[in-house]
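Note that this is a predicted model, so its numbers are computed, not measured.
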Amino acid sequence: MEGTRHEKSKLKDSPQENGVHTNQYSSISPPASPVAQDEPFSTYFEERVPIPDSENQLFSFRKLWAFTGPGFLMSIAYLDPGNIESDLQSGAAAGFKLLWVLLVSTIIGLLLQRLAARLGVVTGMHLAEVCNRQYSTVPRIILWLMVELAIIGSDMQEVIGCAIALNLLSVGRIPLWGGVLITITDTFVFLFLDKYGLRKLEAFFGFLITVMAVSFGYEYVLVKPDQGELLKGMFVPYCAGCGPVQLEQAVGIVGAVIMPHNIYLHSALVKSREVDRKNKKEVKEANKYFFIESTIALFVSFLINVFVVAVFAQAFYNKSNIEVNAECNATGSPHTDLFPLNNNTLEVDIYKGGIVLGCFFGPAALYIWAIGILAAGQSSTMTGTYSGQFVMEGFLNLRWSRFARVLLTRSIAITPTLLVAIFQDVQHLTGMNDFLNVLQSLQLPFALIPILTFTSLKSIMNDFANGLGWKISGGILILGVCAINMYFVIVYVTSLNSVVLYVLAALISVAYLAFVAYLAWHCLVALGVSCLDCCSRMQLGVSRHTDMYLLNDMDSNTLADR
């Protein structure tokens, strides 16, 4: 006890550095791993990008360029094959009427990513590391498993997207199972690009985003959507004549845009810049530039998503199967049998989307679409691997080589995907996306609740903790997003028409909601609902005295220096 008081008194009496009183969070160092100390370990942070000096400048393009990178890597999750499929389905089912939902979802996503970036910049730790230090053992392990499920589900969607793109590009010569196998090897090849430098790796991701923008932009120019209807759908929050189908699409957009593992990813990526966390001015400046960069990155991703929605809204809204069948038959497409001879409204996915574009606008439209899907799948699977590595290191203090990490997640993701690709057809493969979207929707509270909890704690964020406005608006946003996604899950489960599955879902729901309530309780305590802090003196994660808890994990050398 005396030693602890002595350490705390050192903190209280610590001198000012750079005009800023140093405090607890500026001393926290990432957890060390015995493995990491015994042998060299390759990670995303082998190098850090230096930030140029600029005296008395309100804004510097040189500094913005130095901070540019993490936000664009984060934005790739907004462009993965699951998002593209959600875009084209909403366009085909509702026309331009749901563009405002996409806009609002992107803005909400930006606000949540801002919290993630601030946590990483201010504390020097990413979300998984903070969860490891703040939650007790059992909740921490459950949280890690839930996030891993989200990453694996996302990885499966990306594998499916790449396999379909390769099948379309090869005119069916590469079977779906062959495309799935190819994605195993090409991911390893691309991941070794960071050996050539962090900035070169970020430039490569920028190239892939450019490929997507050019590919889907080409389709946009080719189809020539009605600009008046597009602007009306984007800025008028109304959906005239919409029914259950359109409502499900709206919910699907929200679920596809806001992804749980992306919060963990972004909080880690910002650590790649040299920021002196003891200097309040530098931390504030880093937060500003990262927010600007994230805004630009998500604006670009929003435009690409709009391209996809607008193309299918203009060309295929209210189209019937028999109309598409006739058009494909007239152009000699070998895939006419995908569209039955009935008057049902056309239902599309990534695969059918490429086919109908080829039928109506020529083979070039099909191949360029496939190139865009391949770029989306390949880039998002790489960022998914990084997020998996950060999550494993943070929650478990377990540092695997990137090769081992990719091998594990790829194996888990590819096994079921490969089985479906071998024994079923492409309709079943793309149909897996619905289940995977539901899986990721269920994991969303396990990222959003912790990020709001920790960015609201003054003992962690100090002067950068969320203010009252952010606490209230953040809580409302997260509650709304989680409620929308739970509705999506309920709609999916009820469509299964199986009593056994209903009972299983009910049992899982009890355990699931109990754990969400546990996280929400800690979050409300952090937000200032003091009446719930009934166990503050017990060893229960964040409800204990956070200053003391963080103190135990401080770097001993730093304390000795002070």
Side-chain angles (χ1 to χ4, degrees), residues 43-44 69-86 109 113 116 126-128 144-165 179-180 182-194 201-202 204-205 208-209 212 255-269 297 301 350 373-395 400-417 432-433 436-437 439-441 443-444 446-447:
T43 183
Y44 181 85
F72 280 91
L73 267 69
M74 169 273 295
S75 72
I76 284 171
Y78 291 70
L79 297 168
D80 72 353
N83 274 281
I84 301 301
E85 182 156 289
S86 175
Q113 298 297 160
H126 54 74
L127 180 55
W144 169 67
L145 291 173
M146 295 298 101
V147 179
E148 287 288 359
L149 275 177
I151 293 170
I152 291 167
S154 176
D155 205 30
M156 289 178 68
Q157 286 183 311
E158 291 142 12
V159 170
I160 291 170
C162 289
I164 289 174
V180 171
I182 289 173
T183 60
I184 301 175
T185 55
D186 64 7
T187 302
F188 285 106
V189 172
F190 286 126
L191 279 172
F192 286 116
L193 284 172
D194 65 358
L201 176 70
E202 291 174 345
F204 178 69
F205 278 101
L208 291 176
I209 293 174
M212 285 183 265
V257 166
I258 303 170
M259 304 181 73
H261 68 277
N262 210 34
I263 303 293
Y264 287 87
L265 175 68
H266 197 196
S267 66
L269 292 175
S301 71
I350 293 177
I373 296 297
L374 185 62
Q378 193 57 66
S379 57
S380 54
T381 199
M382 292 166 66
T383 55
T385 300
Y386 281 119
S387 62
Q389 189 166 353
F390 297 141
V391 163
M392 179 174 283
E393 292 172 13
F395 276 112
W400 285 14
S401 69
R402 187 167 296 122
F403 180 87
R405 172 69 209 183
V406 176
L407 189 62
L408 174 66
T409 54
R410 278 282 113 152
S411 300
I412 296 173
I414 279 177
T415 301
T417 312
M432 287 178 67
N433 269 322
L436 296 174
N437 283 334
L439 179 67
Q440 291 180 83
S441 296
Q443 313 311 320
L444 205 53
F446 307 129

[X] versus [Y], closest heavy-atom pair with distance:
{"X": "Leu269", "Y": "Phe390", "result": "CD2-CE1, 4.1 Å"}
{"X": "Ala116", "Y": "His266", "result": "CB-CB, 4.3 Å"}
{"X": "Leu265", "Y": "Leu73", "result": "CD2-O, 4.4 Å"}
{"X": "Met212", "Y": "Ser379", "result": "CE-OG, 3.6 Å"}
{"X": "Ser301", "Y": "Tyr78", "result": "OG-CB, 3.9 Å"}
{"X": "Asp80", "Y": "Asn83", "result": "OD1-ND2, 2.7 Å"}

Is the closest side-chain heavy-atom distance between Gln113 and Asn262 below 4.5 Å? yes

Only counting residues at least two apart or in another chain, list the ones meeting side-chain hydrogen bond (donor to acceptor under 3.5 Å, both in side chains) with Gln440. Gln157

Would you please name every residue forming a side-chain hydrogen bond (donor to acceptor under 3.5 Å, both in side chains) with Ser154, sequence neighbours left out? Glu158

Let me confirm one number: the [atom1]-[atom2] distance from [X] to [Y], rounded to the nearest 0.5 Å.
{"X": "Leu145", "Y": "Phe395", "atom1": "CG", "atom2": "CZ", "result": "9.5 Å"}
{"X": "Glu85", "Y": "Ile160", "atom1": "CD", "atom2": "CD1", "result": "8.5 Å"}
{"X": "Ile76", "Y": "Tyr386", "atom1": "CD1", "atom2": "OH", "result": "10.5 Å"}
{"X": "His261", "Y": "Leu127", "atom1": "NE2", "atom2": "CG", "result": "13.0 Å"}
{"X": "Asp155", "Y": "Thr381", "atom1": "CG", "atom2": "OG1", "result": "4.0 Å"}
{"X": "Gln443", "Y": "Ile151", "atom1": "CD", "atom2": "CD1", "result": "10.0 Å"}

